Amino acid sequence: MGSYLNPGNKGFCESLNSAIYVDKSGLIEKTNTLINTRQKFVCVSRPRRFGKSMAADMLAAYYGRNDDSSNLFDNLIISESQSYKTHLNQYDVIKINMQEFLSVTRSMDEMLSMLKRYLVFDLTECFTQVHFRDKDNLIQVMKDIFAGTGHSFIILIDEWDCFFREYQQNTSAQKQYLDFLRVWLKDQDYVALAYMTGILPIKKYGSHSALNMFTEYSMTEPGNLAEYFGFTEEEVKALCIANKISFEEAKAWYDGYRLFTHTEDENICYSMYSPKSVVEAILRHKFGTYWNQTETYEALKVYIQMDMDGLKDAVVRMLAGEEVRISTGTFSNDMTTFAIRDDVLTLLAHLGYLSYNSIAETVRIPNKEVSQEYVNAIRTMDWHEVMHSLEASRKLLEALWKMDGEAVAEGIARAHSEISILQYNDENSLSCTISLAFYSAREYYTVVREMPGGKGFADLCFIPRKLYGDKPAVIIELKWDKAASGAIAQMKERRYVEALEEYRGNILLVGINYDRKSKTHTCEIEEVQNFN
């Protein structure tokens, strides 16, 4: 056992021994099918704190030749697979964290030189029976080992993209790094499986990538690994029940990443949660912002304030709860090359600040935790009109609870006039402005747009979460050049309260109209009770 060659199972043992462990060993069945095939090159990119290193530790423990890991895996999901015993502890594993080498060196030449020396040291110390042609050449050393012993390698590279994130402008060093990985891994018989993890997909240069042999699994295209990108909704629900905390609150705070696996017959959607956030909330018995604790809102601020046509409009609309359609095709898989707004939004999806829907090709802010990071960033920017609207939203919500229709109409009018970027063109623009004006409602409610009920769809529904059962439910109907009273009548006629058939308590029916001629808003509020 060496530092990098067959490092053992200590890392995975720590995961198993932790207070909260979710079994993701089904991933191993997927990688087993790729060993010694043309698909043996795998690059998995997902945000920080989404379990990348744990997965690498698990694979090292399972495949590594020097340890018997059956006691760790016999009771996990992978043990039910036919391939379980076939590959268990059958390979020499090389496991490296690129961040470790980057942090202690000052250049790409120095980093790669250190990496090669350290790996050669472990290899030659272990395979003393092999005659080496050139002990200073990593690739030749691995070729000699394979020729002399028949042992192939599982190569695990964690934080593979750290250089692209920390030295964003050094393109020559980036190319040098990619060329090293290509020469070390591509078309080499000693590679049984190469598995890389990072935040960014593989960098594109020109019309091709130096690592075009890799199959990529990312936040925009997770493939058949989607369920291993975080905690699934079923897993979070089970954890909440076992630890006696509110799943409804966990969902409001941390749900929102929609990852799709495309099969021949259907598209399977996984509702994904950040493992870091869920674990911290359970251990602390307190919901809060945990995922981004290791990085300040400044990182997000850099991107959302870029001078890109349509970027501010997109961010404001997503703060209001809308989804924004984007194209990911022009994204260069780095943190500096942005031709259009969509490139910035695609990067934010890879970083975890947005959720990408590959079916609809849209992005949205995933949940309350991430939304708070946008608010923190905007608070220090020159988006004063947006911030003022967000801060005024609490007073607007209180006016709604008091059934003060005039105050609600005035608050919405102020939000409309302040956020000039949201021009009224139709009812959808009106809906966006109102959703942003009622931003604070998300603290107490599950907010649903276009909720089916009775004989139609309610424009907006505020459904109180159980912790806030003293708040009334709210159904909002929007009108354009009509009458607020007509909106109330429509809700009654079409029985929109049926959208809240499981809710018992007071319901506020809210009709809001915008008159284009007078450029005024009117609002009527009526209270009903739902005992059905």
Side-chain angles (χ1 to χ4, degrees), residues 304-305 310-324 364-365 368 370-451 458-462 471-472 474-484 487-488 508-525:
I304 64 174
Q305 66 179 356
L311 180 57
K312 182 176 181 179
D313 176 81
V315 172
V316 171
R317 289 185 178 278
M318 288 187 291
L319 275 173
E322 285 195 4
E323 297 189 9
V324 173
R364 61 188 291 269
I365 297 174
K368 183 177 178 180
V370 178
S371 183
Q372 186 58 49
E373 290 301 306
Y374 282 84
V375 174
N376 291 340
I378 291 170
R379 185 173 283 116
T380 63
M381 293 161 49
D382 61 356
W383 294 12
H384 305 301
E385 74 285 6
V386 178
M387 198 63 233
H388 185 269
S389 179
L390 295 177
E391 291 173 345
S393 66
R394 183 169 297 277
K395 290 184 178 180
L396 183 63
L397 186 61
E398 290 172 354
L400 177 66
W401 288 335
K402 294 176 182 177
M403 300 181 61
D404 187 342
E406 184 176 343
V408 169
E410 289 175 356
I412 293 170
R414 280 194 300 271
H416 173 218
S417 63
E418 289 173 347
I419 309 175
S420 57
I421 193 171
L422 295 177
Q423 299 296 327
Y424 277 7
N425 298 312
D426 51 31
E427 287 187 26
N428 186 60
S429 298
L430 174 61
S431 176
C432 183
T433 297
I434 290 173
S435 295
L436 190 62
F438 280 110
Y439 180 84
S440 290
R442 301 175 203 183
E443 184 174 341
Y444 310 95
Y445 295 97
T446 298
V447 179
V448 183
R449 300 182 68 173
E450 295 293 324
M451 186 168 183
D459 288 328
L460 283 169
C461 277
F462 298 171
K471 308 300 182 186
V474 181
I475 301 177
I476 300 177
E477 180 67 18
L478 308 176
K479 289 298 178 184
W480 190 264
D481 288 336
K482 293 183 181 177
I488 298 285
L508 300 182
L509 303 182
V510 182
I512 299 173
N513 178 64
Y514 177 70
D515 188 286
R516 283 185 292 183
K517 289 183 179 180
S518 62
K519 295 184 178 180
T520 58
H521 299 77
T522 54
C523 173
E524 291 197 12
I525 304 173

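In this text the structure is predicted, and so the values were computed from the model without any measurement.
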Should K312 and E385 count as an ion pair when the cut-off is N to O under 4.0 Å? yes
Got a sec, which residues hit side chain to side chain contact (heavy atoms under 4.5 Å, CB included) with A409, two or more places apart in sequence or on another chain? H521, C523
Can you measure from CD (E524) to CG (N513) and round to the nearest 0.5 angstrom? 10.0 Å
side-chain hydrogen bond (donor to acceptor under 3.5 Å, both in side chains) filter on E443, not counting sequence neighbours, yields R394
Those residues that, when tested against M387, pass side chain to side chain contact (heavy atoms under 4.5 Å, CB included) (two or more places apart): V375, I378, R379, L390, E391
The complete set of ring pair (Phe, Tyr, Trp, His ring centres under 6.0 Å) pairs with one or both residues in residues 371-392, sequence neighbours excluded, reads none
Side-chain heavy-atom pair I412, V408 within 4.5 angstrom cut-off: yes
Check side-chain hydrogen bond (donor to acceptor under 3.5 Å, both in side chains) between Q372 and all other residues, then give those that pass, not counting sequence neighbours. N376
Could you pull out the closest heavy-atom pair between L400 and V510, with the gap in Å? CD1-CG2, 3.5 Å
Those residues that, when tested against D515, pass salt bridge (charged side-chain N to carboxylate O under 4.0 Å, His left out) (two or more places apart): none
Partners passing side-chain hydrogen bond (donor to acceptor under 3.5 Å, both in side chains) against D404 (at least two apart in sequence or in another chain): none
4.5 Å side-chain heavy-atom contact, D459 and S431: no
Which heavy atom of V447 sits nearest a heavy atom of R442, and at what distance? CG2-CG, 4.0 Å
Checking side-chain contact (heavy atoms from CB on, under 4.5 Å) for the pair H416/K519: CA distance, chi angles, key distance, verdict? CA-CA 10 Å; H416 173 218; K519 295 184 178 180; over 6 Å; no
Side chains of L397 and Y444, heavy atoms from C-beta outward: is any pair under 4.5 Å? yes
Residues forming a ring pair (Phe, Tyr, Trp, His ring centres under 6.0 Å) with Y445, sequence neighbours excluded: F462
Can you name the residues that form a side-chain hydrogen bond (donor to acceptor under 3.5 Å, both in side chains) with Y439, not counting sequence neighbours? S371
Please check if the number of heavy atoms outside E406 that lie under 6.0 Å from its CD is greater than 12. no
What distance do K482 atom NZ and T522 atom OG1 have between them, rounded to the nearest 0.5 Å? 13.0 Å
For E322 versus C432, what's the shortest heavy-atom pair and its separation? OE2-CB, 3.1 Å
